[in-house]
> 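One structure, as structure tokens, below. Some questions next.
Side chains included, hydrogens not; waters and symmetry mates left out as well; all remaining heavy atoms used. Whatever order the structure lists ligands and atoms in, that order sets their numbers, starting from 1.
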Amino acid sequence: MKRVLITGGAGFLGSHFCDLFLERGFDVICMDNLVTGSPDNIGHLFGNARFHFIQHDVTRFVYVDGPLDYILHFASPASPLDYLELPIQTLKVGSLGTHKVLGLAKAKGARFLLASTSEVYGDPLEHPQKETYWGNVNPVGPRGVYDEAKRFAEAMTMAYHRFHGVDTRIVRIFNTYGPRMRLKDGRALPAFMGQAVRGEPITVFGDGSQTRSFCYVSDLCEGIYRLLMSDEIEPVNIGNPSEISILEFAKEVIKVTGSPSTIAFKPLPEDDPKVRQPDISKARRILSWEPTVGLEEGLKATLEDFKPRILAGEAR
Ligand code: UDP
């Protein structure tokens, strides 16, 4: 039986990977310090004999008993609000944490996959973003703690590959949404859906002309699974290339929720990227992968998970 370690396994994406690897017959070890992750995301797995949870902060020495075939390194605060509130932890987990987990991969002879991000492209001057673009990041701005930590993590991953021969993969994840996102993580979708369901004004930052490209979580997981099983060492973008302005996105959420909410414009946060859209031709070519879930379908599925949580006044 193959064993996989998922750091950040109690988070939004990590917990979906716990499900996916259990479904595909793996033994799953989920590691999380529960700073932004939650036991609620993995509670349904606790009775499963192939699932193990270790509460641990990966910036400290990581110990796992027995063999490991794969390691998915997903631990990190990941929303702009989170890394504003946890700037040091964000830098530490991307740097010290990635170093520790790479050390574990080397010791176990495990294949290592780094969850990197479209944020490595910063406020991009190339559009859409290809993997060959080096990015436009402000290292000393408020988002720099996340962007630079992930850029460092990519460099560290390549160094472990080149110097120690560790078998590595790097995925650059673009905006993703779906069930289990934290309602209060400050991101556009949870903010908009909460406001829409409660009938409050939708807070669009700036004039809403900035764009993003939103990928449904099941599409993302399949793309990343295929990358893990491929032999591609260089970074690969995984995301949905269908680009939408934030104002249009707010209107989509209003439509899907059937809400009477209006739009309230608020100041644009510092260094907020003006455009973002993945060029996924590499993933299409080498992984035969592309997203299949459209925005309306994905928003409806997300609403089913969100609505009871919003109405219950969930605090996280
Ligand atoms: N945004 C917004 N209202 C909100 C939260 C976010 O208009 O209540 C905007 C934000 O300024 C950005 C976009 O929505 O332009 C996506 O933000 P998010 O925090 O989801 O992620 P990002 O792509 O910026 O990392």
Side-chain angles (χ1 to χ4, degrees), residues 11-13 36 74 76-87 90 94 115-124 127-129 135-138 141-151 171-217 220 237-254 257 259 261-278 295 298-299 302 306 310 316:
F12 163 47
L13 294 182
T36 56
F74 274 72
S76 178
S79 82
L81 188 69
D82 287 342
Y83 40 82
L84 270 184
E85 286 173 356
L86 304 164
T90 302
S116 186
T117 167
S118 55
E119 284 282 323
V120 302
Y121 301 124
D123 190 3
H127 190 67
Q129 295 77 52
N136 178 39
V137 170
N138 174 6
R143 299 175 88 104
V145 294
Y146 184 64
D147 303 8
E148 296 295 5
K150 288 292 188 181
R151 290 169 67 95
V171 57
R172 292 190 178 142
I173 299 172
F174 284 66
N175 292 69
T176 303
Y177 69 100
R180 299 191 196 146
M181 284 181 101
R182 266 165 46 234
L183 300 181
K184 304 236 155 77
D185 81 357
R187 284 182 169 125
L189 176 63
F192 292 175
M193 227 172 229
Q195 291 157 346
V197 168
R198 291 188 298 268
E200 297 165 0
I202 309 286
T203 54
V204 168
F205 297 161
D207 62 4
S209 63
Q210 71 274 28
T211 67
R212 295 293 186 272
S213 310
F214 294 93
C215 186
Y216 189 66
V217 63
L220 185 97
N237 289 338
I238 297 286
N240 192 317
S242 104
E243 185 184 16
I244 185 170
S245 77
I246 291 301
L247 183 57
E248 282 307 313
F249 186 60
K251 290 179 183 165
E252 273 297 315
V253 173
I254 290 176
T257 50
S259 166
S261 288
T262 53
I263 307 274
F265 293 95
K266 300 277 175 193
L268 192 66
E270 199 178 332
D271 293 339
D272 198 281
K274 286 181 271 308
V275 289
R276 184 180 290 152
Q277 182 191 26
L295 188 59
L299 286 178
T302 307
F306 276 32
I310 295 166
R316 66 186 187 90

> Near ligand 1, which residues have a heavy atom under 4.0 Å away from one of its atoms?
P80, E119, R143, N175, G186, R187, A188, A191, F192, T203, V204, F205, Q210, R212, I246, P269, D272, R276

> Who pairs with K184 by salt bridge (Lys or Arg N to Asp or Glu O under 4.0 Å), at least two apart in sequence or on another chain?
none

> When I246 is tested against each of L268, V204, D207 for side chain to side chain contact (heavy atoms under 4.5 Å, CB included), which residue passes?
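Of the listed residues L268, V204, D207, the side chain to side chain contact (heavy atoms under 4.5 Å, CB included) partner of I246 is V204.
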
> Run T257 and S259 through side chain to side chain donor-acceptor pair (under 3.5 Å) and show every step you take.
CA-CA 5 Å; T257 50; S259 166; 4.5 Å; no

> Rounded to the nearest 0.5 Å, what separation is found between the CZ atom of F192 and the OH atom of Y177?
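Going from CZ on F192 over to OH on Y177, the span is 14.0 Å.
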
> For E85, what residues pass the salt bridge (Lys or Arg N to Asp or Glu O under 4.0 Å) criterion, not counting sequence neighbours?
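So E85 forms no salt bridge (Lys or Arg N to Asp or Glu O under 4.0 Å) with any residue.
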
> Kindly write out the residues that satisfy side chain to side chain contact (heavy atoms under 4.5 Å, CB included) with E270, not counting sequence neighbours, or none if the list is empty.
P142

